[in-house]
Engineer: 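Pasting a structure here, questions to come.
Below, all heavy atoms of this structure are taken into account, side chains as well, without hydrogens, waters or symmetry copies. Within every chain, numbering begins at 1; the chains are lettered A, B, ... in the order of the sequence lines, protein sequences first and strands thereafter. Not measured: the values here are computed from a predicted model.
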Number of protein chains: 2
Amino acid sequence: MSISSRFAVAIHILALLDINKEGRNTSEFIAGSVNTNPVVIRRVIGLLGKAGLVHTSPGVGGASLARPPREINLLDVYRAVQNDPPGELFAAHDNPNPKCPVGQNIQGTLETVFKQAESAMENELAKVTLDQIIFDLVRGDR
Amino acid sequence: MSISSRFAVAIHILALLDINKEGRNTSEFIAGSVNTNPVVIRRVIGLLGKAGLVHTSPGVGGASLARPPREINLLDVYRAVQNDPPGELFAAHDNPNPKCPVGQNIQGTLETVFKQAESAMENELAKVTLDQIIFDLVRGDR
DNA sequence: GTTATTGTAACTACAATGGTTACAGGTGGT
DNA sequence: ACCACCTGTAACCATTGTAGTTACAATAAC
């Protein structure tokens, strides 16, 4: 299955928080841009807050970036909203038969390969900062 | 969510088909090694067959590798069993608001980044052949 | 204090997955 | 030709993750 759209929504939110940093970024306003329900936005912001990417406060307009956009990369965001623990993008099958030479060793073998593939993906995400995303968004708007 | 365990099961099956190429690889036998239901095995073999990685025939013990293990890499296997079309490991959110500068351009921006990350992962998978997997399995058995 | 907004719980609908049973149809040995 | 075995596939179920929605107590700003 594919990676949840929370990731895309989270990037959208963060970009909006920076671009509209002068305005009041209520969950309803953000939901209007993302085109979803305000509660969905609040849930994602909650995850971003727990990860230390945004500061939140109850009451009015309570979210803002916790760091400058240059210091937030997409791997930070990915990890914040992807609740699967790191190293588990790929799922191994459980309990292969230990009496079989394949079953006995397959998990260790796969783990190595899976970790490499996952790391390669994450390294690409880590290369891209929120800064660059925002630049690209604004540029596209001309 | 994580990538379905069909991928791990498929690799297991292919390795077993090669290692036990002298024996009768019935779906029940393979299921014993993978530790699942024979129908699950037949389903995965069906996908591998459609992708041209194995030859299958109804009746007894009907699956064998269609190519030598050196000519099968894990990206082949991944694509065979992952029914999501390529380029959609990451899901974008639909219908962002076109009236908003962020909503208007976010999809194009994300598409580029997502494709890069996905490609990086797939390149790692493409580097690993079934040959190497089998070597690693057999080596671990000593 | 009143109003607007957040944080969170609860519920629903939906899709993907993996396990299971069932069975029609093909294969190979005798 | 017969028979035992196996495949391919459909159908169904339970589980899980996701996203949308309603509701509401708690909190901040004015």
Engineer: Measure CD1/I3(A) against P/dT18(D) and give the value in whole Å, please.
Structural biologist: 11 Å
Engineer: Does the side chain of N73(A) reach to within under 4.5 Å of the side chain of V128(A), using non-hydrogen atoms?
Structural biologist: no
Engineer: Looking only at side-chain N and O atoms, does S5(A) come under 4.0 Å of OP1 or OP2 in dT18(D)?
Structural biologist: no
Engineer: Would you tabulate the nitrogen or oxygen pairs shorter than 3.5 Å linking the protein to nucleotides 8-11 of chain C?
Structural biologist:
unit_1: dT8(C); atom_1: O4; unit_2: R42(A); atom_2: NH1; d: 3.4
unit_1: dA10(C); atom_1: N6; unit_2: R43(A); atom_2: NH1; d: 3.4

Engineer: Could you tell me whether a side-chain N or O of T26(A) sits under 3.5 Å from a main-chain N or O of F29(A), the two making a donor and an acceptor?
Structural biologist: yes
Engineer: Would you call E124(A)-K127(A) a salt bridge at under 4.0 Å N-O?
Structural biologist: yes
Engineer: Separation of I13(B) atom CD1 from dG18(C) atom C1', in whole Å?
Structural biologist: 13 Å
Engineer: Here's a test of your reading of the structure: between E28(A) and N35(B), which maps to the more 5' nucleotide of DNA chain C?
Structural biologist: E28(A)
Engineer: Would you say that L53(A) contacts L65(A) through its side chain, given a criterion of any heavy-atom pair below 4.5 Å between the two side chains?
Structural biologist: no
Engineer: Whole angstrom is fine here: how far is it from CD in Q82(A) over to P in dG17(D)?
Structural biologist: 12 Å
Engineer: So, taking the atom named OG in S27(B) and the one named CG in N25(B), what distance separates them when rounded to the nearest 0.5 Å?
Structural biologist: 10.5 Å
Engineer: Side chain of R6(B) only, heavy atoms from C-beta on: which candidate in dT27(D), dT5(C), dT17(C) is closest?
Structural biologist: dT17(C)
Engineer: Atom CG of N25(A) and atom P of dA4(C): how far apart are they, to the nearest Å?
Structural biologist: 19 Å
Engineer: Using atom CG of D94(A) as one end and atom P of dT17(C) as the other, report the distance to the nearest whole Å.
Structural biologist: 16 Å
Engineer: Using the C1' atoms of five pairs at each end, what's the angle between the two axes of the helix from dG1(C)-dC30(D) to dT30(C)-dA1(D), to 10 degrees?
Structural biologist: 30°
Engineer: Output the distance between atom CD1 (I3(A)) and atom CD1 (I3(B)), rounded to the nearest 0.5 Å.
Structural biologist: 7.0 Å
Engineer: Atom CZ of R24(A) and atom C1' of dT3(C): how far apart are they, to the nearest Å?
Structural biologist: 10 Å
Engineer: dG18(C) C1' sits how many Å from L47(B) CG, rounded?
Structural biologist: 13 Å
Engineer: So, applying side chain to side chain contact (heavy atoms under 4.5 Å, CB included) with L74(B), which one of L14(B), I133(B), T129(B) is it?
Structural biologist: I133(B)
Engineer: Can you figure out which of dT17(C), dT5(C), dG8(D) approaches the side chain of S4(B) most closely?
Structural biologist: dT17(C)
Engineer: Please determine, for the side chain of N37(A), which listed nucleotide (dC5(D), dT6(C), dT21(D)) has the closest atom?
Structural biologist: dT21(D)
Engineer: Indicate whether OP1 or OP2 belonging to dG19(C) is found under 4.0 Å from a side-chain N or O atom of T36(B).
Structural biologist: yes
Engineer: Just N and O in the side chain of S27(A): are any of them under 4.0 Å from OP1 or OP2 of dT6(C)?
Structural biologist: yes
Engineer: Is it the case that N97(B) and S33(A) place a side-chain donor and acceptor less than 3.5 Å from each other?
Structural biologist: no
Engineer: Just how far, in rounded Å, is P of dT5(C) from CD1 of I30(A)?
Structural biologist: 12 Å
Engineer: Return the nearest nucleotide to the side chain of V40(B); candidates are dT20(C), dA4(C), dT6(C).
Structural biologist: dT20(C)
Engineer: Compare all side-chain heavy atoms of H12(B) with those of P96(A) and state whether any distance is below 4.5 angstrom.
Structural biologist: yes
Engineer: Any chance you could lay out the side-chain contact (heavy atoms from CB on, under 4.5 Å) test for S2(A) and E88(B), step after step, and finish with the verdict?
Structural biologist: CA-CA 7 Å; S2(A) 48; E88(B) 298 192 7; 5.6 Å; no
